[in-house]
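Please read all numbers here as calculations on a predicted model, not as lab measurements. In what follows, chains carry the letters A, B, and so on, assigned in the order in which the sequence lines appear, proteins first and then strands, with residues in each chain numbered from 1.
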2 protein chains.
Amino acid sequence: MSCSSSSSSNPPCAACKFLRRKCLPGCIFGPYFPPEDPQKFSNVHKIFGASNVSKLLNEIEAHQREDAVNSLAYEAEARMKDPVYGCVGAISVLQRQVIRLQKELDATNADLMRYANANYGVYNNNTTWNNNPNPLPDDDIH
Amino acid sequence: MSCSSSSSSNPPCAACKFLRRKCLPGCIFGPYFPPEDPQKFSNVHKIFGASNVSKLLNEIEAHQREDAVNSLAYEAEARMKDPVYGCVGAISVLQRQVIRLQKELDATNADLMRYANANYGVYNNNTTWNNNPNPLPDDDIH
């Protein structure tokens with residue numbers, strides 16, 4: 001819903017209501033800050049400031065503004081919850097998770113290689129070797 | 001280096017220099033925005049605004065301010081590089097990486113289970129079964 005389409009009986013967007021100003025047609029905030037979600041603008045305003053957000057929205061293309069506002073709202077909410085680290089805290093957690101998973105994957109792949117090598121020996125000794133140096137178990141070995 | 005320890009011959013901190021104001025003893029920005037890194041304050045100011053940063057720093061404990069400034073500087077730089085997604089773009093990339101690694105790990109674990117089950121059959125038939133339902137290959141099986 002856009003402020004530009006508001007009739008005089010429609011409420012102003014959440015930004016204009018918060019800033020106590022008239023919501024004029026073509027309001028830059030209107031399409032992204034509906035009146036039913038006042039917290040979204042209040043967070044973004046507290047962390048970035050309405051003027052910075054307005055400048056940023058004017059510097060990017062219209063079709064990217066919704067994504068921009070949503071990412072700003074995400075960052076703002078994260079900063080309200082964690083004033084020290086904000087969403088950079090989430091980045092640290094995810095980075096540690098990636099490192100842990102990569103280590104686990106490497107270890108599991110190493111185990112798999114040991115099985116493959118062990119099976120190579122078992123199958124080779126049992127003369128079931130069929131030119132595949134790393135035979136994978138399938139239904140017919142059982 | 002803190003503004004509070006600056007003598008009159010020392011340069012003001014990067015924030016006070018940028019804002020063209022006198023860097024007084026106890027300046028909230030001083031310890032975190034050294035004059036030799038003007039870009040750090042300029043980014044943070046452009047994205048969050050000096051007033052919001054000052055408010056945020058005053059609301060948290062002194063020992064956490066350096067981490068807070070560094071996370072704000074990280075967010076600000078990410079937003080300058082990517083005005084639409086900022087550091088939320090990095091979060092999306094990391095989240096996809098975690099999902100991909102978890103899937104790879106699950107698949108590798110499933111392969112490992114197949115080997116373990118196949119080996120169980122092989123070892124069981126060869127009467128080398130030793131009460132371990134999932135024997136891992138080790139040096140003495142070779």
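- At a 4.5 Å heavy-atom cutoff, the contact between A:I47 and chain B is made by backbone and side-chain atoms alike.
- Both the backbone and the side chain of B:Y85 come within contact range of chain A, judged by heavy atoms closer than 4.5 Å.
- The local environment of CD in B:E66 is sparse, with at most 12 non-hydrogen atoms from other residues, nucleotides or ligands closer than 6.0 Å.
- Of the residues considered (B:S71, B:A68, B:A78), B:S71 shows the highest number of contacts with chain A, using heavy-atom pairs under 4.5 Å.
- At a threshold of 4.5 Å between side-chain heavy atoms, the hydrophobic network of Ile, Leu, Val, Met, Phe, Trp and Tyr places A:I60 and A:Y74 in two separate groups.
- For the atom pair OG1 (B:T108) and CG (A:L105), the distance works out to 5.0 Å, reported to the nearest 0.5 Å.
- For A:K46, the parts sitting under 4.5 Å from any heavy atom of chain B are the backbone and the side chain alike.
- With a threshold of 4.5 angstrom between heavy atoms, B:L57 does not approach chain A through any atom at all.
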Name each donor-acceptor pair under 3.5 Å that joins a side chain in residues 86-103 of chain B to protein atoms two or more places apart or in another chain, with its distance.
unit_1 : atom_1 : unit_2 : atom_2 : d
B:S92  : OG     : B:V88  : O      : 3.2
B:R100 : NH1    : B:E104 : OE2    : 2.8
B:Q102 : NE2    : B:D106 : OD1    : 3.2

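- Residues B:L56 and A:R79 come closest through the heavy atom pair CD1-CD, 3.7 Å.
- For A:E61, no part lies near chain B; criterion is any non-hydrogen pair under 4.5 Å.
- The contact between A:F48 and chain B is made by backbone and side chain atoms together, counting heavy-atom distances below 4.5 Å.
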